[in-house]
Structure formats: structure tokens, C-alpha cells
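Below you'll find the structure, written out as C-alpha cells, and then a few comments.
Keep in mind that the numbers below use all heavy atoms, side chains included, and drop hydrogens, waters and symmetry copies.
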Amino acid sequence: FKNGKELKPEELPMQASVKKNVNVLNYEINTLLPSGRMITMFGNANPLFDDKGKVRGCIGVYVDITDLKKAERALNQSQKLLQDIIYGFPSPIFVKDTEGRFLTINKNLEELLGVKNEELIGKTDYDIITKELADYNRANDQKVIEKGKAIPIEEETDLIDGHHTFIANKFPIYDSNGEPYGVGSISTDITERKLLEEKLKAAHANLEQKVEDRTAELKLASIYNRSLIEASLDPLVTIGSDGTITDVNHSTENVSGYN
């Protein structure tokens, strides 16, 4: 069988090799065994010639790749599952190679950047943001690769709806040999939090200034009141609610003889 269709005898690898006088390499076919089990094979066939150059037969080799095909399907399914999770994740996600070229981005980042994944693949930050921001991002990517571990980094970028600030959790990605081949990132948009922090900082600074101004006013008022008390030629005495003397002026000191 080929693509679910039963092959004609002349379409089989060895028969085709003899009939067309060609080498047949890795021709994938499905074969139904007497047991009812379907297996997948690579068929390879080479024509054999007599001393006059005429085809007198062929030699064929078949390789059972059933387990390989199962593993391939499982891998494809796993990759699709991972891609679906990445694409549908509500936070911006990207993967770059070690040269800073985008390998993939998810739907959320597509919407923020205003570009499709396939349009961005192979491009770098320098193609979509200012050089200053791209230099900063590139340095952070390289830092992650050099340190060989995940690093949370605050980054800024210009998107289609304005300037944003992110906490980017960047991490190195390794191949099967343990060599880094890229950088992944899952980001959290903290733009609103940063704006709130700036407002709170401004409000705090404004409150501190008001407290400082009020303290200066009270100090000036105290000096003014004291000047009025000392300017009086009559003895003046301030007494608390418990009958204790709390203050006197110089006239009182002169009359009483007490400091």
C-alpha cells in the first residue's frame, strides 16, 4: 500500500526497478502481513545486467521502519502539542538562536508586535525596535547563554500601542549534545505597575515636600510667637493644665529672680 492505496505489481520497488531500468531508493510502502499486522518498509532495488547490458533481474533490500515511523509520529505529536501550548499561552513568548535571530514567537507576541510568526522568523531585534533597545536585549540574551541559567530581566520595548516594560524570564535552550543553540523568553507586562510606582513615588515626594514646608512654617511661627512674648515689658507666665509653669519671659525672670 502507498498512501492508503493498494499498489499494482509493476509499482512495487523491485518490479519498477526491472521495468524502468532504474535504481529505487527508500521507497516507502505499507505491507499487510498474513497475521493482519500492517508494517511500514523502505524498499530499495537495483537492476542486474548480463554481459550484454540487458536487465536480467534485480536485487532488492527492504527495511522495516514501523517502529521508526511510530517514534516519528509521537515526536511530531509532542512537538505540535508544545507548539500549541506556546502559541496559545497568554504571555509573550519567543525563541531566538545564538545569533539573535527569531526561531518562533507565540500569538500574544504576534499581536503586540503587529507581525506574524512566519514574517519574523530569521529576523532580529534590530529589524523591529530601536538600536539602543536592541543592543540592550542582545546583551541580555548573551548574558543568559554565558551564565547557562534562567535570569529575570527588566526590558523595555516599543510596541504598536506604545512603550512597554516587561519582566522577561530568559533561559538558555540546549541541543541533544548539551550545547546552547538559543534563548527562550516568557515575559510579564509590568507597564501598568511601573506607571503606578512612578505615581506613588511622585505622590510620596510631594507629601515629603508638604511636610517640610509645614515644618518650616511652624518653626517660623514659633520664632515669631517667642519674639512677641519676649518683647512684652510685663511679666508673662504660661501654666499647663496641671498647674505646672511651662514658660516665662525675661520680664518674669527679672521680677522673680529665677531663670
Margin query: Tell me whether E6 at atom CD has more than 12 heavy atoms from other residues, nucleotides or ligands lying less than 6.0 Å away.
Written below: no
Note to self: Under a 3.5 Å distance rule, please check whether D127 uses its side chain to pair with a backbone N or O of K123 as donor and acceptor.
What the structure shows: no
Margin query: For a 4.5 angstrom cut-off between non-hydrogen side-chain atoms, does I121 reach T104?
Written below: no
Next item on the list: For the pair N30 and K2, evaluate side chain to side chain contact (heavy atoms under 4.5 Å, CB included) and give the outcome as yes or no after the intermediate values.
Entry: CA-CA 6 Å; N30 295 317; K2 180 75 172 178; over 6 Å; no
Note to self: Nearest 0.5 angstrom please: I167 CD1 to S187 OG, how far?
What the structure shows: 9.0 Å
Item checked: Heavy-atom check, side chain of I105 versus side chain of K116, under 4.5 Å -> no
Check: Does a salt bridge link D97 with R101, judged by any charged N lying under 4.0 Å from a carboxylate O?
Finding: yes
Note to self: I need the I186 CD1 to N106 CG distance, nearest 0.5 Å.
What the structure shows: 9.0 Å
Next item on the list: Nearest 0.5 Å please: distance from the CD1 atom of I145 over to the OG1 atom of T98.
Entry: 5.5 Å
Check: Under a 4.5 Å cut-off applied to non-hydrogen side-chain atoms, are K143 and N140 in contact?
Finding: yes
Next item on the list: Hey, could you give me the OH/CD distance between Y174 and E179, rounded to the nearest 0.5 Å?
Entry: 9.5 Å
Note to self: If the condition is ring pair (Phe, Tyr, Trp, His ring centres under 6.0 Å), which residues does F102 pass it with, not counting sequence neighbours?
What the structure shows: F94
Note to self: Do M41 and I65 make a side-chain contact, defined as non-hydrogen atoms from C-beta onward lying under 4.5 Å apart?
What the structure shows: no
Next item on the list: Quick one: closest heavy-atom pair of Y27 and P13, and the distance?
Entry: CD2-CG, 3.9 Å
Next item on the list: Check whether any side-chain N or O of D175 sits under 3.5 Å from a backbone N or O of Y181 as a donor-acceptor pair, and report yes or no.
Entry: no
Notebook entry, point to check: With a 4.5 Å limit on heavy-atom distance, are the side chains of E28 and T40 in contact?
Noted result: yes
Margin query: For a quick test of reading the model, state the closest non-hydrogen atom pair linking Y136 to E154 and the distance between them.
Written below: OH-O, 3.0 Å
Next item on the list: Could you tell me whether the side chain of D213 reaches within less than 4.5 Å of the side chain of Q209, counting heavy atoms only?
Entry: yes
Could you pull out all donor-acceptor pairs under 3.5 Å where a side-chain atom in residues 74-86 meets a protein atom, sequence neighbours excluded?
residue: N76; atom: ND2; partner: E72; partner atom: O; Å: 3.3
residue: K80; atom: NZ; partner: D84; partner atom: OD2; Å: 2.9

Item checked: Any donor-acceptor N/O pair, N3 side chain to K5 backbone, under 3.5 Å -> no
Next item on the list: Return the minimal non-hydrogen interatomic distance between P92 and L112, and the atom names on each side.
Entry: CG-CD1, 3.5 Å
Checklist line | Residue list, side-chain hydrogen bond (donor to acceptor under 3.5 Å, both in side chains) with T157, at least two apart or on another chain | finding: none
Note to self: Does either side chain, that of Y87 or that of N108, offer a donor lying less than 3.5 Å from an acceptor on the other one?
What the structure shows: no
Note to self: Quick check on the hydrophobic clustering: are F42 and L7 connected, directly or via other members, by side-chain heavy-atom contacts under 4.5 Å?
What the structure shows: no
Notebook entry, point to check: When rounded to the nearest 0.5 angstrom, what is the spacing between CG in N137 and CD1 in I153?
Noted result: 8.5 Å
Check: Is a side-chain N or O of E198 found less than 3.5 angstrom from the main chain of L195, in a donor-acceptor match?
Finding: no
Next item on the list: Kindly determine whether Y126 and R138 satisfy side chain to side chain contact (heavy atoms under 4.5 Å, CB included), including the steps that lead there.
Entry: CA-CA 9 Å; Y126 294 95; R138 179 62 179 149; 4.0 Å; yes
Next item on the list: Supply the members, apart from V18, of the Ile/Leu/Val/Met/Phe/Trp/Tyr cluster built from side-chain contacts under 4.5 Å; use none for a lone residue.
Entry: F49, V55
Item checked: Cationic N near anionic O, under 4.0 Å, R193 to E197 -> yes
Notebook entry, point to check: For A168, does its backbone N or O pair with a side-chain atom of S185 as donor and acceptor, under 3.5 Å?
Noted result: no
Checklist line | Student check: side-chain heavy atoms of N44 and N26 closer than 4.5 Å | finding: yes
Next item on the list: For the pair K96 and D141, find out whether any cationic side-chain nitrogen is under 4.0 Å from an anionic carboxylate oxygen.
Entry: yes
Item checked: Exercise: identify the closest heavy-atom pair between N23 and P47 -> OD1-CD, 3.3 Å
Note to self: Side chains of E110 and N117 only: does a donor on one sit below 3.5 Å from an acceptor on the other?
What the structure shows: no
Check: By the rule that ILVMFWY residues connect when side-chain heavy atoms come within less than 4.5 angstrom, directly or transitively, which residues belong alongside F1?
Finding: L32, M38
Next item on the list: Kindly work out whether a path of hydrophobic side-chain contacts (I/L/V/M/F/W/Y, heavy atoms less than 4.5 Å apart) joins Y62 to V24.
Entry: yes
Next item on the list: Mind listing the closest non-hydrogen atom pair of Q15 and E10 along with its distance?
Entry: CB-CA, 4.0 Å
Next item on the list: Mind jotting down which residue pairs meet the salt bridge (charged side-chain N to carboxylate O under 4.0 Å, His left out) criterion with at least one end in residues 239-259? Sequence neighbours excluded, please.
Entry: R226-D247
Margin query: As a quick check of understanding, evaluate side chain to side chain contact (heavy atoms under 4.5 Å, CB included) for V183 and I173, giving each step before the final call.
Written below: CA-CA 6 Å; V183 173; I173 299 177; over 6 Å; no
Notebook entry, point to check: Under a single-linkage definition using a 4.5 Å side-chain heavy-atom cutoff for Ile, Leu, Val, Met, Phe, Trp and Tyr, are L68 and I39 assigned to the same hydrophobic cluster?
Noted result: no
Next item on the list: Using the rule that two of Ile, Leu, Val, Met, Phe, Trp, Tyr join whenever any of their side-chain heavy atoms come within less than 4.5 Å, decide whether V115 and V95 are in one cluster.
Entry: no
Check: Is the CD1 atom of I59 crowded by more than 12 outside heavy atoms at less than 6.0 Å?
Finding: no
Item checked: T215 side-chain N/O to V211 backbone N/O, donor-acceptor pair under 3.5 Å -> yes
Note to self: Is it true that, when you exclude E132 itself, more than 12 heavy atoms of the residues, nucleotides or ligands shown sit nearer than 6.0 Å to its CD?
What the structure shows: no
Notebook entry, point to check: Which value, rounded to the nearest 0.5 Å, describes the distance between K201 atom NZ and L196 atom CG?
Noted result: 12.0 Å
Next item on the list: Could you check C58 against S17 for side chain to side chain contact (heavy atoms under 4.5 Å, CB included), going step by step and ending with a plain yes or no?
Entry: CA-CA 7 Å; C58 77; S17 176; 4.3 Å; yes
Next item on the list: Report yes or no: is the cationic atom of K194 (NZ for Lys, CZ for Arg) closer than 6.0 Å to the six-membered ring centre of F166, at no more than 45° off its axis?
Entry: no
Check: Under a 4.5 Å cut-off applied to non-hydrogen side-chain atoms, are I151 and K170 in contact?
Finding: no
Margin query: We want to know whether H163 and E156 form a side-chain donor-acceptor pair, criterion being a heavy-atom distance below 3.5 angstrom.
Written below: yes
Notebook entry, point to check: Transitively linked via ILVMFWY side-chain contacts under 4.5 Å: V144 with L103?
Noted result: no
